[in-house]
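Along the sequence shown, residues are numbered consecutively beginning with 1.
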Amino acid sequence: MKVIFSKFNKMSKKKKLFFIVVLLSFIGSIVFVHNNYSFYEKPIAEVVKTELIDKTEVKDQFDNKDYIFIQQIIGVVKNGKEKGKQIYLMNEYSSSKANNDEFYVGNELFVHIDSKLGENGYLKGSVQDVKRDTYLLMIGWVFIFALLFVGKKQGLYSLISLIINAVILSVALDVYINTSEKSLLLICSISVIIFMIISLILVSGRNEKTYAAIIATLLGTFISLFITYFVLWLTSEKGLRYEELQFITRPYKLVFLAGLFLGSLGAVMDVAITMSSSIFGLYEKNNNISVKALVKSGREIGKDIMGTMTNILLFAYISGTIPMLILYFKNTSPLGFTLSMNLSLELARALAGGIGIVLTIPIGLYITIFFVNRKRAS
């Protein structure tokens, strides 16, 4: 504790104020999320007792075994007209817990309260969902603390840009939903430009390095989207399975392209700022470095990041399909059918993002060298 207090006393007034604001925000949010029941319209019950009353073994036509459990729960209503009263709930869950969960003492649940009372005059009802805001808040604060501890000032700017981009994306989707005559790709294009400019300027500042990364990101993202669109048109989209998107009431092909557009932006922007920062770093260490040396170094840097970034993009898209792949394989679906049904869109997204990454390396390299020469001449 003495070490912490000594470090705190050495801080400047601005840092002390910032530290106090973050600490008070953390404590206030924790207190709020544990006492925010009145802000919810749905009844919330806290589990005070559980009892397992039945267990049944089941098998399907493919001889997959599972166990079905029936759990009796006693809870206390935390909000609404029935606040403070006990409620009896029944919960059915399986050992695989694919569609349901086992509940424990202390869990907070959204419940439906029956109009009729039970035999002992207690409330009866059913479980609708789990109140997860407490866990989400804790994970959010772990992310914030890690970002501030590692990134410090830049971490704070990254957090601010993340919040701003989330708001912009929400507004953009709201505009599209409420004005269906507007093109989703147009809305996403405008959003992408705003995302990218805000993120790069907040994180890297207003300088030649940032301007080079902005131009490279724009060119890499839009060229990769154009190539993807051209290939889809040329092949009549053969091999792509849109079944998972057909539940929406909007043109699912445009939704797919918009998601592809936004998904590749992050990887392209990362490559662009890496190339720009690396080249400018070499120039700042040696102002007399030749263009030939910068090009050679830039190509080596590009080779190093190209493989890792494309793999990251591939794994990020494919990882989300693992539950569906397991479900299909457990039900003895053929390998080819399973992969085509679940991986065709993800692979298309990964390939489109990979094209953007590969294109952004030379684009970012030569645009950065242009700004380096411009700075050198001035």
Side-chain angles (χ1 to χ4, degrees), residues 147 149-158 160-162 165 192-228 230-231 261-316 349-378:
L147 201 61
F149 179 76
V150 176
K152 296 181 173 60
K153 186 178 180 180
Q154 297 303 109
L156 176 63
Y157 288 151
S158 298
I160 292 171
S161 70
L162 181 64
N165 288 340
V192 159
I193 295 171
I194 298 173
F195 289 160
M196 180 260 304
I197 292 174
I198 289 175
S199 299
L200 291 176
I201 289 179
L202 277 175
V203 174
S204 301
R206 295 175 61 184
N207 49 55
E208 289 88 348
K209 177 179 67 177
T210 303
Y211 301 148
I214 288 174
I215 296 171
T217 303
L218 281 174
L219 291 174
T221 303
F222 282 96
I223 291 173
S224 66
L225 180 67
F226 173 77
I227 291 173
T228 304
F230 177 73
V231 171
F261 195 17
L262 292 173
S264 61
L265 171 68
V268 170
M269 187 164 59
D270 191 11
V271 171
I273 193 63
T274 300
M275 294 299 297
S276 178
S277 298
S278 302
I279 300 301
F280 265 98
L282 292 170
Y283 168 72
E284 287 167 1
K285 286 184 178 180
N286 180 12
N287 291 344
N288 296 318
I289 189 171
S290 65
V291 172
K292 185 177 180 181
L294 287 176
V295 171
K296 183 178 179 182
S297 300
R299 286 176 178 171
E300 291 299 322
I301 294 167
K303 289 176 184 177
D304 290 337
I305 64 176
M306 182 167 50
T308 54
M309 287 302 301
T310 50
N311 281 321
I312 288 170
L313 205 61
L314 178 66
F315 293 146
R349 293 186 182 107
L351 288 172
I355 292 170
I357 290 170
V358 173
L359 290 175
T360 305
I361 291 172
I363 291 173
L365 172 60
Y366 288 105
I367 288 176
T368 306
I369 289 175
F370 169 78
F371 276 94
V372 166
N373 289 333
R374 183 181 174 188
K375 186 175 183 180
R376 181 182 285 165
S378 62

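When every heavy atom of Ser276 is checked against every heavy atom of Ala212, the shortest pair comes out as OG-CB, 3.9 Å. Heavy-atom minimum distance, Ser158 versus Ser161: O-OG, 2.8 Å. Residues Thr360 and Gly220 approach most closely at OG1-CA, 3.6 Å, considering heavy atoms. Ile201 approaches Arg206 most closely through the heavy-atom pair CG2-CG, 3.7 Å. In terms of heavy atoms, Val268 sits closest to Ile357 at CG2-N, 4.2 Å.
Of the inter-residue distances, the one linking Ile367 atom CD1 with Leu218 atom CG reads 9.0 Å to the nearest 0.5 angstrom. Remark: Lys375 NZ to Lys209 NZ distance equals 9.5 Å, nearest 0.5 Å. Distance check: Ile273 CD1 to Ser278 OG gives 9.5 Å after rounding to the nearest 0.5 Å. To the nearest 0.5 Å, atoms CD1 (Ile160) and OG (Ser199) are separated by 11.5 Å. Distance check: Ile198 CD1 to Met196 CE gives 10.5 Å after rounding to the nearest 0.5 Å. Of the inter-residue distances, the one linking Ile305 atom CD1 with Glu300 atom CD reads 12.0 Å to the nearest 0.5 angstrom.
Side-chain atoms of Ile363 and Ile223, non-hydrogen and from C-beta on, do get closer than 4.5 Å to each other. In this structure, Leu359 and Ile227 have side chains that are in contact, with non-hydrogen atoms separated by less than 4.5 Å. Residues Thr368 and Leu365 fail the side-chain proximity criterion, which asks for heavy atoms closer than 4.5 Å. For the pair Leu225 and Thr221, the minimum side-chain heavy-atom distance is 4.5 Å or more.
Heavy atoms from other residues, nucleotides or ligands lying under 6.0 Å from CZ of Phe222 number more than 12.
With Thr210 as the partner, the side chain to side chain contact (heavy atoms under 4.5 Å, CB included) test is satisfied by one option alone out of Leu202, Leu200, Ile197: Leu200.
Between Phe280 and Tyr283, the ring-plane angle classifies as perpendicular under the 30° and 60° cut-offs.
Side chain of Ser224 to main chain of Ile355: no donor-acceptor pair is present (N/O by atom type, distance under 3.5 Å, no hydrogens or angles).
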